[in-house]
Amino acid sequence: MFLFDWMLQRILPVIFLYLRPFIKWFLHTFTRLCELQRIVYGAQAGASRTRQVERSLMLSQNVDIQQLLRELDTAVETCSEDELRQLPVRVVSVVQRVKRIKSKIHPDFAPLFGTCVLHIWSYRHLLHQVERLRAEPYDANNLDHEQKLLELWNRLMPEEPLEGRITKQWQDIGFQGDDPKTDFRGMGVLGLENLLFFSREYRDAAHHVLLHSKHPVYGYTFAIVGINLTAMAYRLLKSGDAKVHFYNVANSLNQACSLIHFHKFYCYLLFEFDRFWLESEPTNIMDFREIYQRFEILIMEALHNDKTLFKTNLVVEDV
Amino acid sequence: MGLLSLLRKLRPSPDKEARILLLGLDNAGKTTILKQLASEDIATVTPTAGFNIKSVAADGFKLNVWDIGGQWKIRPYWKNYFANTDVLIYVIDCTDRERLSETNRELFELLMDNRLKQVPLLVFANKQDLPNAMTASELAEAAQLVRLEERTWQIVGCSAVDGTGIKEGMDWVCKNMKK
């Protein structure tokens, strides 16, 4: 059993990698279409198509395409949104030249393939944006950071003014002590931006969740749990597990992946975690680790389905 | 996985197990120390809601390290983890002079508990990489650790971020494990 699993995991992919060129040659000869065309015409739009295109490009043995991919990965580290939108044009032309795809005969290829390219590299671009925010530590001497922190308070507690910058009141929205500056830790400004987006764009949902967090039995620390969900969103984005959701969002809205989509993904996670937490009827906050892990597994399972698109219009049901 | 590590996995592990409890105030660096012990990435640490646990192999021991959140709302639950502890590690942020008396109070209070009576104590004087940190001996004096007459204890300066001092501390832990 052990050996069988081992063979399945280690040997089969290697065999497949060697057979791949033959399978491709065979299919190319009989369908008169290259692999990218077969995917673009055959696979369903959204994550299914985009991920197959991505895989095909990554496995390409062609030197020109490999060089192109390296250039794209470097470009998206720092490029602007406008430059990002221009990327597909070049990729499409290189691939059409290399694969000898004539646009007169295959007019549908360029727009369909270009869309996939935009979604793939806008995801990678987003990853860099998110990483920069995460790597920026919260700094109490940075006016911008401080203003955002105060805005978070005002949005969550509009009826209660803050008595001072350092006060026990911060614990009312679930920070650990009297100064939140040390609570963002490894999530840096990303954690703050996520919480702020939630309180700003999903006012009702945020107040609903904050209220739950003050439950006498099932209560938890809102901001700290929020920062731990930033960590989950970040991990899923970085590992690539979240691609299914982001590619489907990009496809359904006909947009590139962007920071707003990441914030909304985060808000979905936080809102759903709150529901999951209450349903789990925890004994106290010490159950957090187990419930958090179970929740992450549920999300991962959903992301194994190519059709998954998390609904980010968070609806608060009135009781 | 190679064949050798496969065989190694099949062999029953002879290691003795030990339970290590990691306590201290919030932002002391407990989770970062835990991640250092497990050789994991420390850049993405978050505040601990509840607790973390990791098993680490050291000196023929399998150390089950329990890292319990340090914020005051969680401190009442610390006592639920006291039973069967082999070594207590208490972490102090050496730059946080304002909360020195608070951390000291928490330490002496938990040492009064019967379940921790015979348990050796290691104090990690953390954040030695920061310029304004108290040294381990300054901290020992400020925290009046001499009051711990009966107990086997040690203080070690460390930096959880770059790993300095962690190994020295853990060597002491393995040597002084409660029999």
Side-chain angles (χ1 to χ4, degrees), chain A residues 1-3 5-7 9-10 130-131 134-135 137-138 166 168 170-172 174-188 190-191 194 213 219-235 238 273 277 282-293, chain B residues 1-11 24-36 40-54 65-82 93 95-96 98-99 102-103 106 126-127 130 160-161:
Chain A
M1 200 59 212
F2 219 66
L3 210 66
D5 271 2
W6 182 74
M7 269 181 51
Q9 280 172 21
R10 296 281 156 157
V130 166
E131 180 58 43
R134 188 205 64 76
Y138 184 88
I166 292 175
K168 287 244 179 291
W170 288 113
Q171 291 172 6
D172 296 344
F175 284 103
Q176 298 198 95
D178 51 14
D179 189 348
K181 73 175 181 193
T182 56
D183 284 346
F184 295 103
R185 309 268 168 91
M187 289 302 122
L190 183 66
N194 272 166
S213 80
Y220 56 87
T221 41
F222 175 80
I224 296 304
V225 166
I227 292 165
N228 277 285
L229 282 155
T230 293
M232 189 186 292
Y234 168 76
R235 213 164 33 238
K238 200 171 173 188
F273 178 80
W277 171 265
T283 321
N284 54 48
I285 189 70
M286 301 318 278
D287 287 344
F288 178 79
R289 179 188 135 88
E290 194 220 324
I291 293 175
Y292 179 87
Q293 286 176 344
Chain B
M1 193 189 294
L3 197 60
L4 239 143
S5 48
L6 201 76
L7 289 173
R8 215 171 285 147
K9 224 181 172 179
L10 293 170
R11 195 187 60 186
L25 300 191
D26 50 284
N27 204 38
K30 298 177 291 298
T31 307
T32 308
I33 288 177
L34 182 73
K35 294 226 167 192
Q36 276 285 5
E40 287 177 15
D41 172 35
I42 57 157
T44 54
V45 164
T46 53
T48 305
F51 67 93
N52 302 301
I53 177 175
K54 297 221 181 292
V65 187
W66 295 72
D67 154 36
I68 321 290
Q71 72 166 115
W72 70 269
K73 271 191 188 155
I74 297 182
R75 287 179 216 163
Y77 300 113
W78 281 4
K79 59 178 184 300
N80 300 352
Y81 298 83
F82 286 174
D93 172 358
T95 65
D96 191 359
E98 278 165 33
R99 292 202 295 169
E102 186 180 343
T103 189
E106 294 289 352
N126 192 21
K127 308 205 183 178
L130 296 179
V161 178

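If you're wondering where the values come from, they're calculated on a predicted model, not measured in any experiment.
For CD of Q293(A), the number of neighbouring non-hydrogen atoms (other residues, nucleotides, ligands) closer than 6.0 Å is greater than 12. Heavy-atom contacts from other residues, nucleotides or ligands closer than 6.0 Å to NZ of K181(A) number 12 or fewer.
Residues R185(A) and P47(B) approach most closely at NH1-CA, 3.4 Å, considering heavy atoms. Taking every heavy atom of both residues into account, F51(B) and R289(A) meet most closely at O-CD, 3.2 Å. Between T46(B) and I227(A), the shortest heavy-atom contact is CG2-O, 4.0 Å. Nearest heavy atom pair, residue M286(A) against residue I74(B), reads SD-CG2, 3.7 Å.
Screening T221(A), I285(A), D183(A) for a side chain to side chain contact (heavy atoms under 4.5 Å, CB included) involving Q71(B) leaves a single residue, T221(A).
We find the OG1-CG distance between T48(B) and N228(A) to be 7.5 Å, quoted to the nearest 0.5 Å. To the nearest 0.5 angstrom, D178(A) atom CG is 8.0 Å from R99(B) atom CZ.
No part of L25(B) comes within reach of chain A, as not one of its non-hydrogen atoms sits under 4.5 angstrom from that chain. For a residue to count as touching a neighbouring chain, one of its non-hydrogen atoms must lie under 4.5 Å from one of that chain's; by this rule Q171(A) touches chain B with backbone and side chain alike. Interface remark: Y77(B) contributes side-chain atoms only to the contact with chain A (heavy atom separation under 4.5 Å). Heavy atoms closer than 4.5 Å to chain B are found in the side chain of R134(A), but not in its backbone. The contact between Y234(A) and chain B is made entirely by side chain atoms (from C-beta outward), counting heavy-atom distances below 4.5 Å.
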